[in-house]
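The structure appears below as structure tokens.
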Amino acid sequence: MPVFRTAFNGYAVKFSPFVETRLAVATAQNFGIIGNGRQHVLELTPNGIVEVCAFDSADGLYDCTWSEANENLVVSASGDGSVKIWDIALPPVANPIRSLEEHAREVYSVDWNLVRKDCFLSASWDDTIRLWTIDRPQSMRLFKEHTYCIYAAVWNPRHADVFASASGDCTVRIWDVREPNATIIIPAHEHEILSCDWNKYNDCMLVTGAVDKLIKVWDIRTYRTPMTVLEGHTYAIRRVKFSPHQESLIASCSYDMTTCLWDYRAPEDALLARYDHHTEFAVGIDISVLVEGLLASTGWDETVYVWQHGMDPRAC
């Protein structure tokens, strides 16, 4: 399947919710430590992956998300604490159309609301989460309870006001924007939690991935102990993602350079596939909403792979 080479180190990849052949890739120079960033928009074609456009930023980009209301808008999380909004229908000179600058440290996660479709979240190493709408230059709400870097904030796919956040303080918190404080606090791991995601078929189920190399599946109604613990990665887990097509399918990527697919309902044989196509840290993974079984990954080896589950990502 196709591979695309980026100039900088890959950090995040996201399929478009509107165009099945389109994906966004956030990248950072020098492994995100110092240097510029570039937001790519790529297209899958019969002749491979081609670049639709690319936008440069003064600092590394660590995450990206597509608008759920406008197929041309992409939001990026920047190392300089800003949130960039790009319009791919406009030339690079007219972009970004907005730079939101309220976070005090690196922004590490952005996520667009799947239900209301008019707002998005940003999560930062300044220990805060902010809620934004596309038409307001200031954030609508600040969420400040975590005591260390926040690595992910993800909207619930069924409830317009509910989201989860994963932090280096070893907790996952469940928030309702109508409430003043987090409604549930889960001490989910004994090490930093780098990622979380909601199940697309069960609005009370959450998956977490952490530095302890473990993936845990939780029911937030009975969160004293996880429903399932998945072991198999040999280094920290950078991202976890529930499938939009199969209720029990989870994708993960790790600093062990692999991406994995799991069936959390099969405890003896939970690991369905391990892909080792990356030659550096695998830090971005996504599953297409529009094409069942289509996966994308990116990593510090400056590559983006797109492949069908069960196929070899390196087989063009």
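A side-chain donor from one of Lys84 and Ser99 sits under 3.5 Å from a side-chain acceptor of the other. Using a 3.5 Å distance cut-off with no hydrogens or angles, the side chains of Ser297 and His277 do pair a donor with an acceptor. Checking Asp263 against Ser248 by side-chain atom types alone, a donor-acceptor pair falls below 3.5 Å. In this model, a donor atom of one side chain and an acceptor atom of the other lie less than 3.5 Å apart for Asp80 and Ser82. With 3.5 Å as the limit, one finds no donor-acceptor pair spanning the side chains of Asn9 and Gln29. Under the 3.5 Å distance criterion, with hydrogens and angles disregarded, a donor-acceptor pair is assigned to the side chains of Asp301 and Thr303.
Between Trp125 and His103, the ring center distance fails the sub-6.0 Å criterion. Annotation: His278 is in aromatic contact with Tyr305 [ring centroid separation under 6.0 Å]. Ring centroid separation for the pair Trp198 and Phe242 does not come in under the 6.0 Å cut-off. Ring centroids of Phe18 and Trp66 are separated by 6.0 Å or more, keeping the two rings apart.
Counting only distance, with no hydrogens or angles, the side chain of Trp155 and the backbone of Asp111 share a donor-acceptor pair below 3.5 Å. Judged purely by atom type and a 3.5 angstrom limit, Gln39 uses its side chain to pair as donor or acceptor with the backbone of Val25. With Ser124 contributing its side chain and Glu106 its backbone, the two residues share a donor-acceptor pair below 3.5 Å. A side-chain donor-acceptor contact under 3.5 Å links Asn156 to the backbone of His159. Using modelled atom types, no side-chain atom of Asp161 and backbone atom of Val177 make a donor-acceptor pair closer than 3.5 Å. When atom types are taken as modelled, the side chain of Asp127 and the backbone of Cys149 share a donor-acceptor pair closer than 3.5 angstrom. In this structure a side-chain-to-backbone donor-acceptor pair under 3.5 Å is present from Asp126 to Ala104. Side-chain N or O atoms of Thr27 include one that pairs as donor or acceptor with a backbone N or O of Arg38 at under 3.5 Å.
Placement of Tyr235 and Leu214 in two distinct hydrophobic clusters is found when ILVMFWY residues are connected by side-chain heavy-atom separations under 4.5 Å, directly or transitively. There is a path of hydrophobic side-chain contacts, each under 4.5 Å, that joins Leu206 to Ile184. Both Ile193 and Ile174 sit in one connected hydrophobic cluster of ILVMFWY residues. Membership requires side-chain heavy atoms under 4.5 Å apart, directly or through other members. Under the 4.5 Å side-chain heavy-atom criterion for ILVMFWY residues, no single connected hydrophobic cluster contains both Ile186 and Met227. Note on Met205 and Val154: separate hydrophobic clusters, where clusters join Ile, Leu, Val, Met, Phe, Trp and Tyr whose side-chain heavy atoms are under 4.5 Å apart, directly or indirectly.
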**Study point:** Candidate pair Thr128 and Phe143, rule side-chain contact (heavy atoms from CB on, under 4.5 Å), full reasoning
**Key:** CA-CA 6 Å; Thr128 71; Phe143 304 89; over 6 Å; no
Review point. Could you walk me through whether Tyr255 and His233 pass the ring-ring contact (aromatic ring centres under 6.0 Å, His included) check?
Key: CA-CA 9 Å; Tyr255 289 111; His233 280 296; over 10 Å; no
Practice item. Dump the intermediate steps for side-chain contact (heavy atoms from CB on, under 4.5 Å) on Tyr275 and Ile285, then the final yes or no. Key: CA-CA 12 Å; Tyr275 300 101; Ile285 186 82; over 6 Å; no
Practice item. Start with the C-alpha gap between Leu42 and Arg22, add the side-chain angles, then the distance that decides, and say whether side-chain contact (heavy atoms from CB on, under 4.5 Å) holds. Key: CA-CA 6 Å; Leu42 307 177; Arg22 188 165 290 171; over 6 Å; no
Check your understanding: Step by step, would you call Leu294 with Val306 a side-chain contact (heavy atoms from CB on, under 4.5 Å)?
Key -> CA-CA 7 Å; Leu294 192 64; Val306 181; 3.8 Å; yes
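Trp175 and Phe163 have parallel rings, their planes meeting at less than 30° on a 0 to 90° scale where 60° marks the start of perpendicular. Classification of the Trp86-Phe55 ring pair by plane angle, with boundaries at 30° and 60°, yields parallel. Note: Trp218 and His189 have perpendicular aromatic rings, judged against thresholds of 30 and 60 degrees for the angle between ring planes.
Remark: Asp203 does not engage Lys200 in a salt bridge, criterion side-chain N to carboxylate O under 4.0 Å. Electrostatic pairing of Lys241 and Asp286 counts as a salt bridge here, judged by a charged N lying under 4.0 Å from a carboxylate O. A salt bridge is defined here as a Lys NZ or Arg NE, NH1 or NH2 lying under 4.0 Å from an Asp or Glu carboxylate O, and Glu247 with Arg265 meets this definition. By the 4.0 Å N-to-carboxylate-O rule, Asp276 lies close enough to Arg314 to be salt-bridged with it.
Pairing each heavy atom of Thr208 with each of Cys196, the nearest pair is CG2-CB, 4.1 Å.
Within the 4.5 Å cutoff, the side chain of Glu231 has no heavy atoms near those of the Lys213 side chain. Under the 4.5 Å side-chain criterion, counting only non-hydrogen atoms from C-beta, Tyr151 is not in contact with Arg239. Residues Trp112 and Lys14 fail the side-chain proximity criterion, which asks for heavy atoms closer than 4.5 Å. Side-chain contact check for Lys117 versus Asn113: every heavy-atom pair is 4.5 Å or farther apart. You'll find the side chain of Thr21 stays beyond 4.5 Å of the side chain of Leu290, heavy atoms only. Val211 places none of its side-chain heavy atoms less than 4.5 Å from the side chain of Glu190. Looking at Glu302 and Thr6, their side chains come closer than 4.5 Å, going by heavy atoms from C-beta outward. No side-chain heavy atom of Arg141 sits under 4.5 Å from any side-chain heavy atom of Arg130.
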